[in-house]
Trainee: 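Structure in structure tokens, see below.
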Amino acid sequence: MIEDNEYRRQRLANLAELEKRGYRGYGGAYPRTARLAEIHADFVEGREVRAAGRVMAIRHMGKSLFAHLQDGSGKFQIYLKKDILGDEAYESFRFVDLGDQIGAEGVLFKTRTGEPTIQVRSWTLLAKSLRIPPEKWHGLQDVETRYRRRYLDLMANPDVVERFVKRAAILREIRAFLDGRGFLEVETPMIQPLAGGAAARPFETYYNALNARMFLRIAPELYLKRLLVGGFDRVYELNRNFRNEGLDRSHNPEFTMLEVYAAYGDLRTVQVLVQELILHVAQCVVGGWTVGPPERPIDLTPPWREVPYADLIREVAGADWDTLEVAAARLRAQGMGLDIPEDWDKSAITHEIYEKLVEKTLRTPTFVTRLPSVLIPLARRCDDDPNVVDVFELVIDGREIAPGYSELNDPLEQRRRFEAQADGDASKVDEDFLLALEHGMPPAGGMGLGVDRLVMLLTGADSIRDVILFPQMKEKGG
RNA sequence: GGGCCGGUAGCUCAGCAGGUAGAGCAUGUGACUUUUAAUCACAGGGUCGCGGGUUCGAGUCCCGCCCGGCUCACCA
């Protein structure tokens, strides 16, 4: 149901009036000399140009008027003078409203105050806007409207445009970096019969033609590893994952993930790689290694700290933490202000300490290594200690940005871990993946990088909704 | 899911102790041929998120609901 109001009726009347005067309300292509920012950059007094854009401001001054046009590149001022345009074309402009798309041609000049301007000789309507654009000075502030109707946000708020332009640059530079190092970009299934590669609730769907229940992927990992078996020894995938879980400032149900695998390498290979990757992208996009919101800048300058999980725990929980029995550990954790249920085991209590008291405090880039194997079923155990796996978690600004593993390539061990995880439900074991592993997957290092979180870090956004064009929202009134 | 805060004109926001709903921008009319948050004069514009209740009277107080933000929890 289209909501009507006096403004819309007025604009419909203006549209009818313009059509009566021979303008088309919704015209076709309008070839331009260049985009507005390019016309600005190549300004030559007296040059003939054709330009197009959305009318963002009109200043009537009797027999002449100034207006600003905006396109995807920027803004440009136009000047309409009655004695140059002629009475009819000038009078018709009275029926142009803020927000209309128009085309104009004329001659470049500079005003008294030095602003580059087009002296318009003729103009045409390209699309009539039936709705008032957001307010010119304050822009669009209401966050709900900004997320639900992003086009208004983009129209009104240049800093939002800039952030999404940066997002595009980040994606481009990730690809440029990896392509330059011989990694092959691949696309693997997003619709999967089993949602593996991570621990998360999947979205379920149904494929009619195959009469089969399917899932949207929660990770591409198990398919990328099949490619390692096949011989693609450096691969990456940069695309969407879907997780059927809560929404908050750092979680959207669909989010963008980079996964990279380097055969014949290990944890170290991808650890070096991810550091170089992030530094490269920061340099290209931010122009330096100081990133994050202005009020709490983060310095990415290497070397980045590397520290085992257990050391971090001992730093806050005491040097004797490893020797404590469960009951004593629970008491100590409670003494540190944590709420610990009675049935938790030692590793759960330890991880609670990590998540609540350690991770948040790691602001500058930190590789946390040697995590407990119970936390990560797909990684290789450390040769010197089977209780921990050969992984890192890269934490920046208190958030996990990128995990990296020495990948498990032993099919027998992988089967045992899957079976333990499936807890007796054989249908949850990915036999197809295990079959691939049995053909021999080369040893490999692999890592994942939460791209939305990287964009947040590099653009100083503190909500994931500010780096996703159309974030998930509840239906209103549904 | 809990707690706190918010939803008033197209947009940005005021609205006191319960007493006819306000401003700026935008819109309309008029003036103005180098303005740029143009300026000047006048005018129009409201389901105060939705539904109940209290009251002579509710934007304002109470209850329920919807949507959003922050936060805590859950979700490894």
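Lettering of chains follows the sequences in order, A, B, ..., and the numbering in each one begins at 1.
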Trainee: Any donor-acceptor pair under 3.5 Å linking the side chain of A/Asp385 with the backbone of A/Asn387?
Mentor: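 A pair under 3.5 Å: yes.
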Trainee: Between A/Arg370 and A/Asp311, is the closest basic N to carboxylate O distance under 4.0 Å?
Mentor: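 No, this pair does not count.
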Trainee: Would you say CZ of A/Arg380 has more than 12 non-hydrogen atoms from neighbouring residues, nucleotides or ligands within 6.0 angstrom?
Mentor: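 Count not over threshold, so no.
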Trainee: Nearest whole Å is fine: how far is B/U39 C1' from A/Phe66 CZ?
Mentor: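 Atom CZ in A/Phe66 sits about 14 Å away from atom C1' in B/U39.
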Trainee: Rounded to whole angstroms, how far apart are CD1 on A/Ile78 and P on B/U34?
Mentor: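 Rounded to the whole Å, the gap is 16 Å.
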Trainee: Within a radius of less than 6.0 Å around CD of A/Glu45, do more than 12 heavy atoms belonging to other residues, nucleotides or ligands occur?
Mentor: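 More than 12 within 6.0 Å, yes.
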Trainee: Sticking with atom P, work out how far B/C11 lies from B/C5, rounded to a whole angstrom.
Mentor: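 Roughly 25 Å separates the two P atoms.
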Trainee: If I pick the P atom on B/C75 and the same atom on B/A58, what distance separates them, to the nearest angstrom?
Mentor: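 It comes out at 47 Å once rounded to the nearest Å.
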Trainee: Has A/Lys136 got a side-chain N or O lying under 4.0 Å from the OP1 or OP2 atom of B/U27?
Mentor: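 Indeed not, no polar side-chain atom of A/Lys136 lies that close.
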Trainee: Measure the distance from NZ on A/Lys63 to P on B/G30 and round it to the nearest whole Å.
Mentor: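 For the pair A/Lys63 NZ and B/G30 P, the rounded distance is 13 Å.
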Trainee: Please name the nucleotide paired to B/C40 by Watson-Crick or G-U wobble geometry with both distances under 3.5 Å, or report none.
Mentor: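 Looking at the geometry, B/C40 pairs with B/G30.
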Trainee: Using both distances under 3.5 Å as the test, list the Watson-Crick or G-U wobble partner of B/C25, or none.
Mentor: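 B/G10 - that is the nucleotide pairing with B/C25, both distances being under 3.5 Å.
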Trainee: Taking CG from A/Leu152 and C1' from B/C11, how many angstroms apart are they, rounded to a whole number?
Mentor: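 Answer to the nearest Å: 10 Å.
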Trainee: Quick check for you: among B/A26, B/U12, B/U34, whose closest atom lies nearest to any side-chain atom of A/Leu98?
Mentor: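 Selected nucleotide: B/A26.
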Trainee: Hey, does A/Gln77 reach any base, or is it just sugar-phosphate, or nothing, if we go heavy atoms under 4.0 Å?
Mentor: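 Since a base atom lies under 4.0 Å of A/Gln77, the category is base.
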Trainee: For A/Met56 and B/A26, what is the distance between atoms CE and P respectively, to the nearest whole Å?
Mentor: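 Rounding to the nearest Å, CE of A/Met56 and P of B/A26 are 13 Å apart.
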Trainee: Identify whether the distance between the nearest side-chain nitrogen and carboxylate oxygen of A/Glu254 and A/Arg240 falls below 4.0 Å.
Mentor: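 Judged by the 4.0 Å cut-off on N to carboxylate O distance, A/Glu254 and A/Arg240 do form a salt bridge.
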Trainee: Do any N or O atoms of the protein come closer than 3.5 Å to N or O atoms of nucleotides 45-48 of chain B, and which pairs are they?
Mentor:
{"unit_1": "B/G45", "atom_1": "O4'", "unit_2": "A/Glu6", "atom_2": "OE2", "d": "3.3"}
{"unit_1": "B/G45", "atom_1": "O2'", "unit_2": "A/Glu6", "atom_2": "OE2", "d": "3.0"}

Trainee: How far, in whole Å, is B/C62 from B/U54 if one measures between their C1' atoms?
Mentor: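 These two C1' atoms come out 7 Å apart once rounded.
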Trainee: Does B/U35 have OP1 or OP2 under 4.0 Å away from a side-chain N or O of A/Arg59?
Mentor: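 A/Arg59 to B/U35 OP1/OP2: no side-chain N or O under 4.0 Å.
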Trainee: What is the distance, to the nearest angstrom, from the CZ atom on A/Arg149 to the C1' atom on B/G10?
Mentor: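 My rounded result for the distance is 10 Å.
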Trainee: Assign each of A/Ile58 and A/Met61 to its nearest nucleotide of RNA chain B by heavy atoms, then name whichever residue's nucleotide is nearer the 5' end.
Mentor: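 Counting from the 5' end, the first nearest nucleotide belongs to A/Met61.
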Trainee: Does a side-chain N-to-carboxylate-O contact under 4.0 Å join A/Lys20 and A/Glu17?
Mentor: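 Salt bridge present between A/Lys20 and A/Glu17.
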Trainee: Which part of the nucleic acid, if any, lies within contact of A/Asp142, taking any heavy atom under 4.0 Å across all strands shown: a base, the sugar-phosphate backbone alone, or nothing?
Mentor: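 Contact class for A/Asp142: sugar-phosphate only.
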Trainee: Could you check which nucleotide pairs with B/A58 in any of the strands shown, counting Watson-Crick or G-U wobble with both distances under 3.5 Å?
Mentor: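 Its partner is none (no Watson-Crick or G-U wobble pair with both distances under 3.5 Å).
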Trainee: Just wondering, more than 12 heavy atoms not from A/Arg24 lying within 6.0 Å of its CZ?
Mentor: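 At most 12 heavy atoms, drawn from other residues, nucleotides or ligands, come within 6.0 Å of this atom.
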Trainee: Encode nucleotides 68-76 of chain B as B, S and - characters from 5' to 3', where the letter depends on protein heavy atoms closer than 4.0 Å: B to the base, S only to sugar-phosphate, - to neither.
Mentor: SSSS---BB
Trainee: Centre-to-centre under 6.0 Å for A/Tyr23 and A/Trp123, is that the case here?
Mentor: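 Between A/Trp123 and A/Tyr23, which both carry aromatic rings, the centre distance is below 6.0 Å.
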Trainee: Apply the test side-chain contact (heavy atoms from CB on, under 4.5 Å) to residues A/Val165 and A/Glu162: give CA-CA distance (whole Å), side-chain angles for both, the deciding distance (0.1 Å), then the verdict.
Mentor: CA-CA 5 Å; A/Val165 169; A/Glu162 191 192 342; 5.6 Å; no
Trainee: Expressed as a whole number of Å, how far does the P atom of B/G24 sit from that of B/U39?
Mentor: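 Approximately 12 Å lies between the P atom of B/G24 and that of B/U39.
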Trainee: If I pick the C1' atom on B/G64 and the same atom on B/C25, what distance separates them, to the nearest angstrom?
Mentor: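 37 Å, rounded to whole Å.
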Trainee: Let me know the distance between CG of A/Leu130 and C1' of B/G10, rounded to the nearest Å.
Mentor: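 Computing the A/Leu130:CG to B/G10:C1' distance gives 13 Å.
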Trainee: Can a salt bridge be assigned to the pair A/Lys82 and A/Glu91 using a cut-off of 4.0 Å between side-chain N and carboxylate O?
Mentor: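 Yes, charged N to carboxylate O under 4.0 Å.
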Trainee: What integer number of Å spans the C1' atoms of B/A26 and B/C13?
Mentor: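 Result for the C1' pair: 14 Å, nearest Å.
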Trainee: Is the number of heavy atoms from other residues, nucleotides or ligands under 6.0 Å of A/Asp159 CG greater than 12?
Mentor: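 Yes - once you tally the heavy atoms of other residues, nucleotides and ligands closer than 6.0 Å, there are more than 12.
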Trainee: Can you find a side chain N or O atom of A/Arg8 that sits less than 4.0 Å from OP1 or OP2 on B/G10?
Mentor: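 The answer is no; no side-chain N or O of A/Arg8 sits under 4.0 Å from OP1 or OP2.
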Trainee: Using whole Å, what does the distance between atom C1' of nucleotide B/U12 and atom NE2 of A/His138 come to?
Mentor: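 So the NE2-C1' distance, A/His138 to B/U12, works out to 5 Å.
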Trainee: Would you say that A/Pro372 contacts A/Tyr309 through its side chain, given a criterion of any heavy-atom pair below 4.5 Å between the two side chains?
Mentor: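 In short, these two side chains touch, coming nearer than 4.5 Å.
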Trainee: Looking only at side-chain atoms of A/Arg94, point me to the closest of B/U29, B/U27, B/G10.
Mentor: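 Shortest atom-to-atom distance from the side chain points to B/U29.
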Trainee: Across all strands shown, which nucleotide pairs with B/G1 by Watson-Crick or G-U wobble geometry, both distances under 3.5 Å?
Mentor: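 B/G1 is paired with B/C72.
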Trainee: Which whole number of Å gives the distance between the P atom of B/G49 and that of B/U60?
Mentor: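 My reading of the P atoms in B/G49 and B/U60 gives 8 Å.
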Trainee: What nucleotide, of B/U33, B/U35, B/U12, holds the atom closest to the side chain of A/Lys81?
Mentor: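 The listed nucleotide nearest to A/Lys81's side chain is B/U33.
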Trainee: Considering only B/U35, B/C11, B/U34, which nucleotide approaches the side chain of A/Tyr79 most closely?
Mentor: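 In terms of side-chain proximity for A/Tyr79, the closest of B/U35, B/C11, B/U34 is B/U34.
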Trainee: Select from A/Ala57 and A/Ser64 the residue whose nearest nucleotide in RNA chain B is closer to the 5' end of that strand.
Mentor: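 Checking each residue's closest nucleotide, the 5'-ward one belongs to A/Ser64.
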Trainee: For nucleotides B/C42 and B/A23, find the distance between their P atoms and express it as a whole number of Å.
Mentor: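 It comes out at 13 Å once rounded to the nearest Å.
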